[in-house]
Engineer: 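One structure coming up, written as structure tokens, with questions to follow.
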Protein chains: 2
Amino acid sequence: MFSKTCEYGLRAVIYIAQQAKTNEKIGITAIADAIDSPQAFTAKILQQLTKNNIVQSIKGPFGGFYIDEQNLQNISLNNIVQVLEGNRIYTGCGLGLHQCNAEKPCPLHFKFIEIRENLKKMLENTTLLELSSDKSITDYYLKN
Amino acid sequence: MFSKTCEYGLRAVIYIAQQAKTNEKIGITAIADAIDSPQAFTAKILQQLTKNNIVQSIKGPFGGFYIDEQNLQNISLNNIVQVLEGNRIYTGCGLGLHQCNAEKPCPLHFKFIEIRENLKKMLENTTLLELSSDKSITDYYLKN
DNA sequence: AGCATTAAGGATAAACTTATCTTTTAATGC
DNA sequence: GCATTAAAAGATAAGTTTATCCTTAATGCT
């Protein structure tokens with residue numbers, strides 16, 4: 001479904017969001033450890049997310065990644081996926097046609113649109129705030 | 001969403017299905033041309049689909065690929081995807097966790113299940129027979 | 001039987017994704 | 001200012017997917 005980049009990115013951001021309340025920055029080592037991902041690779045991904053203002057970071061001692069209150073409320077999973085996968089997930093043709101639309105549809109076009117729309121809505125409606133709730137932290141896992 | 005392998009495979013099979021009525025085998029050159037895919041690569045994919053009894057093939061002059069009446073009725077897109085992608089699309093975790101289930105769910109587990117279930121149903125309910133109907137042939141495109 | 005034709009199979013190459021390592025830049029405390 | 005810490009940035013390596021090419025096997029025709 002998603003690329004590794006996107007999977008690690010989502011897990012990392014969710015984890016950072018869950019730590020947001022402590023108001024402490026969290027380092028890449030801790031993050032990679034918490035979500036069980038390759039550290040250097042995850043660092044690259046977070047670099048990209050920082051550039052795109054999904055998460056914030058600060059260098060130096062006691063530095064690390066964090067998410068401010070505003071982003072916690074405004075960022076949804078959709079935003080993260082957009083940065084890491086572009087919008088091909090939402091616009092790409094199920095059969096891989098370069099142009100596939102209502103005028104020149106592939107045989108699956110209209111059926112696919114439905115599924116994708118569901119996915120999009122789900123990602124749009126899932127906010128970092130929701131995923132950083134106490135219940136979410138205790139009931140769900142980011143590694144196994 | 002799907003791999004190139006799966007995209008080409010689906011398009012190839014749909015095209016072959018659409019030619020089924022003529023009762024003529026259709027060669028790899030004609031198929032690759034009709035669906036605008038790399039010929040040798042598509043041949044490999046069809047080889048795999050032939051082994052798994054999705055399509056049939058016959059060598060030699062006037063040989064090629066075809067789909068018999070029974071498969072036309074029984075094969076759904078789901079069967080093709082299963083062969084070419086395995087079942088990871090249906091079972092894999094959205095966040096890439098190796099084990100993710102109702103007991104140890106990732107934060108997206110239950111939301112993802114819904115989406116995947118929709119996709120699965122759609123693929124199961126879309127048969128080659130439907131896709132080879134006259135309307136389907138005239139109204140939809142397999143290349144652009 | 002011999003030849004032409006077409007898919008199957010194997011080997012290899014190109015492109016892209018995933019992953020790691022090293023150097024540079026920025027922030028903090030002394 | 002200097003040492004230390006941690007992210008940013010750049011270079012490179014490993015692995016996987018996508019793609020091509022060449023040889024082999026099967027089929028039909030003469």
Side-chain angles (χ1 to χ4, degrees), chain A residues 1-13 15-16 19 24-33 35-67 81 83-86 88-89 92 95-96 98, chain B residues 1-13 15-16 19 24-33 35-67 81 83-86 88-89 92 95-96 98:
Chain A
M1 198 92 178
F2 295 132
S3 63
K4 285 286 168 199
T5 296
C6 197
E7 289 176 355
Y8 296 148
L10 286 168
R11 280 169 30 210
V13 174
Y15 181 67
I16 298 167
Q19 312 304 310
E24 262 185 26
K25 292 114 205 166
I26 174 155
I28 186 61
T29 307
I31 295 170
D33 196 59
I35 69 173
D36 194 24
S37 69
Q39 174 170 333
F41 190 45
T42 309
K44 287 280 183 221
I45 297 166
L46 282 172
Q47 208 172 310
Q48 215 179 327
L49 291 169
T50 304
K51 269 188 215 154
N52 286 274
N53 301 309
I54 304 287
V55 302
Q56 286 110 320
S57 73
I58 204 160
K59 292 180 184 176
F62 305 101
F65 297 90
Y66 64 102
I67 298 178
V81 173
V83 168
L84 298 178
E85 305 260 19
R88 58 192 150 121
I89 286 190
L95 298 186
H98 299 303
Chain B
M1 199 93 182
F2 295 133
S3 64
K4 286 284 166 199
T5 296
C6 196
E7 289 177 356
Y8 296 149
L10 286 167
R11 270 151 61 193
V13 173
Y15 181 67
I16 298 168
Q19 314 302 310
E24 262 185 26
K25 292 120 208 161
I26 175 155
I28 186 61
T29 307
I31 295 169
D33 196 59
I35 68 173
D36 192 24
S37 68
Q39 175 170 332
F41 191 46
T42 309
K44 286 281 182 221
I45 297 165
L46 282 172
Q47 206 172 310
Q48 216 178 326
L49 291 168
T50 305
K51 267 188 217 154
N52 285 273
N53 302 307
I54 304 288
V55 304
Q56 286 110 319
S57 75
I58 204 161
K59 291 179 184 178
F62 306 100
F65 297 89
Y66 64 101
I67 297 179
V81 173
V83 168
L84 298 178
E85 305 259 20
R88 56 191 153 123
I89 287 192
L95 298 187
H98 300 303

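Here is the naming used below: chain letters follow the sequence lines, and residue numbers restart at 1 for every chain.
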Engineer: Under the criterion side chain to side chain contact (heavy atoms under 4.5 Å, CB included), which of B:Val83, B:Leu84, B:Ile16 is the partner of B:Ile54?
Structural biologist: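 One option only clears the test, and that one is B:Val83.
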Engineer: Of the candidate nucleotides C:dA19, C:dT28, D:dA7, which contains the atom at the shortest distance from the side chain of A:Ile58?
Structural biologist: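 When the side chain of A:Ile58 is considered, C:dT28 is the closest of C:dA19, C:dT28, D:dA7.
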Engineer: Please report, rounded to the nearest Å, how far the C1' atom of C:dT6 is from the CD1 atom of B:Ile16.
Structural biologist: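 Value for this atom pair: 14 Å.
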Engineer: Are any side-chain N or O atoms of B:Arg11 and backbone N or O atoms of B:Cys6, one a donor and one an acceptor, separated by less than 3.5 Å?
Structural biologist: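 Flag not set: sc B:Arg11 to bb B:Cys6 has no pair under 3.5 Å.
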Engineer: Please report the distance, rounded to the nearest Å, between CZ in A:Arg11 and P in C:dT18.
Structural biologist: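 Result: 13 Å.
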Engineer: Rounded to the nearest 0.5 Å, how far apart are CD of A:Gln56 and OH of A:Tyr66?
Structural biologist: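 These two atoms lie 5.0 Å from each other.
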Engineer: Round to a whole Å and report the spacing from CD of A:Gln39 to C1' of D:dA7.
Structural biologist: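 Between C1' of D:dA7 and CD of A:Gln39: 11 Å.
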Engineer: Whole angstrom is fine here: how far is it from CD1 in A:Ile26 over to C1' in D:dT5?
Structural biologist: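 After rounding, the gap between these two atoms is 16 Å.
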Engineer: Look at the side chain of B:Lys51 and the base of C:dG9, then say whether one donor and one acceptor between them are separated by less than 3.5 Å.
Structural biologist: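 It does not, because no donor-acceptor pair links the side chain of B:Lys51 to the base of C:dG9 below 3.5 Å.
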Engineer: Within this structure, what is the CZ-to-C1' distance between A:Phe65 and D:dT5, rounded to whole angstrom?
Structural biologist: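 Interatomic distance, CZ of A:Phe65 to C1' of D:dT5: 14 Å.
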Engineer: Given C:dT20, D:dT18, D:dA19, which nucleotide is nearest the side-chain atoms of A:Phe41?
Structural biologist: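 Minimum distance to the A:Phe41 side chain belongs to C:dT20.
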Engineer: Calculate the interatomic distance between B:Ile45 atom CD1 and C:dA7 atom C1'; express it in whole Å.
Structural biologist: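 To the nearest whole Å, that distance equals 15 Å.
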Engineer: Please report the distance, rounded to the nearest Å, between NZ in B:Lys44 and C1' in C:dT12.
Structural biologist: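 Atom-to-atom, B:Lys44 to C:dT12, this comes out as 11 Å.
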Engineer: Using a 4.0 Å heavy-atom cut-off, does A:Leu46 contact any base of the nucleic acid, only the sugar-phosphate backbone, or nothing at all?
Structural biologist: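 Since no nucleic acid heavy atom lies under 4.0 Å of A:Leu46, the category is nothing.
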Engineer: Answer with base, sugar-phosphate or nothing: what part of the nucleic acid does A:Thr29 contact at a heavy-atom distance below 4.0 Å?
Structural biologist: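 A:Thr29: no heavy atom of the nucleic acid under 4.0 Å.
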Engineer: Which is more 5' along DNA chain C, the nucleotide nearest A:Thr42 or the one nearest A:Pro61? Just name the residue.
Structural biologist: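 First, find each residue's nearest nucleotide; the 5'-ward one identifies A:Thr42.
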Engineer: Would one find a side-chain N or O of B:Tyr8 under 4.0 angstrom from OP1 or OP2 of D:dT18?
Structural biologist: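 For D:dT18, OP1/OP2 do not have a side-chain N/O of B:Tyr8 under 4.0 Å.
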Engineer: Taking atom types as they are modelled, would you say the side chain of A:Lys59 forms a donor-acceptor pair with the base of C:dT25 within the 3.5 Å cutoff?
Structural biologist: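 In this structure, the two groups form a donor-acceptor pair.
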Engineer: What distance separates B:Lys59 NZ from B:Lys25 NZ, expressed to the nearest 0.5 Å?
Structural biologist: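 One gets 15.0 Å once the value is rounded to the nearest 0.5 Å.
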Engineer: Apply side-chain contact (heavy atoms from CB on, under 4.5 Å) to the pair A:Gln19 and A:Tyr15, showing each step before the final yes or no.
Structural biologist: CA-CA 7 Å; A:Gln19 312 304 310; A:Tyr15 181 67; 3.1 Å; yes
Engineer: OP1, OP2 of C:dG9 versus side-chain N and O of B:Gln47: anything below 4.0 Å?
Structural biologist: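 Yes, such a contact exists.
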Engineer: Mind checking if B:Lys25 touches a base, just sugar-phosphate, or nothing, with heavy atoms under 4.0 Å?
Structural biologist: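 Answer is nothing: B:Lys25 stays at 4.0 Å or more from every strand.
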Engineer: Would you mind pulling out the nucleotide paired to C:dC30, Watson-Crick or G-U wobble, both distances under 3.5 Å?
Structural biologist: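 Per the H-bond distance test, D:dG1.
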Engineer: Here's a test of your reading of the structure: between A:Gly60 and A:Ser57, which maps to the more 5' nucleotide of DNA chain D?
Structural biologist: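 Taking each residue's closest nucleotide, the earlier one in sequence belongs to A:Gly60.
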Engineer: Rounded to whole angstrom units, what separation is found between the OH atom of B:Tyr66 and the P atom of C:dT6?
Structural biologist: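 It works out to 16 Å between those atoms.
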Engineer: Looking at A:Lys4 and D:dG15, is any side-chain donor or acceptor paired with a base atom of the opposite kind under 3.5 Å?
Structural biologist: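 A donor-acceptor contact between them is absent.
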Engineer: Any idea which of C:dA8, C:dA4, C:dT18 is nearest the B:Thr50 side chain?
Structural biologist: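 Minimum distance to the B:Thr50 side chain belongs to C:dA8.
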Engineer: Return all side-chain donor-acceptor pairs below 3.5 angstrom for residues 39-49 of chain A, not counting sequence neighbours, or 'none' if the list is empty.
Structural biologist:
from    : atom 1 : to      : atom 2 : distance (Å)
A:Gln39 : NE2    : A:Thr29 : OG1    : 3.4
A:Thr42 : OG1    : A:Ser37 : OG     : 2.6
A:Thr42 : OG1    : A:Pro38 : O      : 2.6

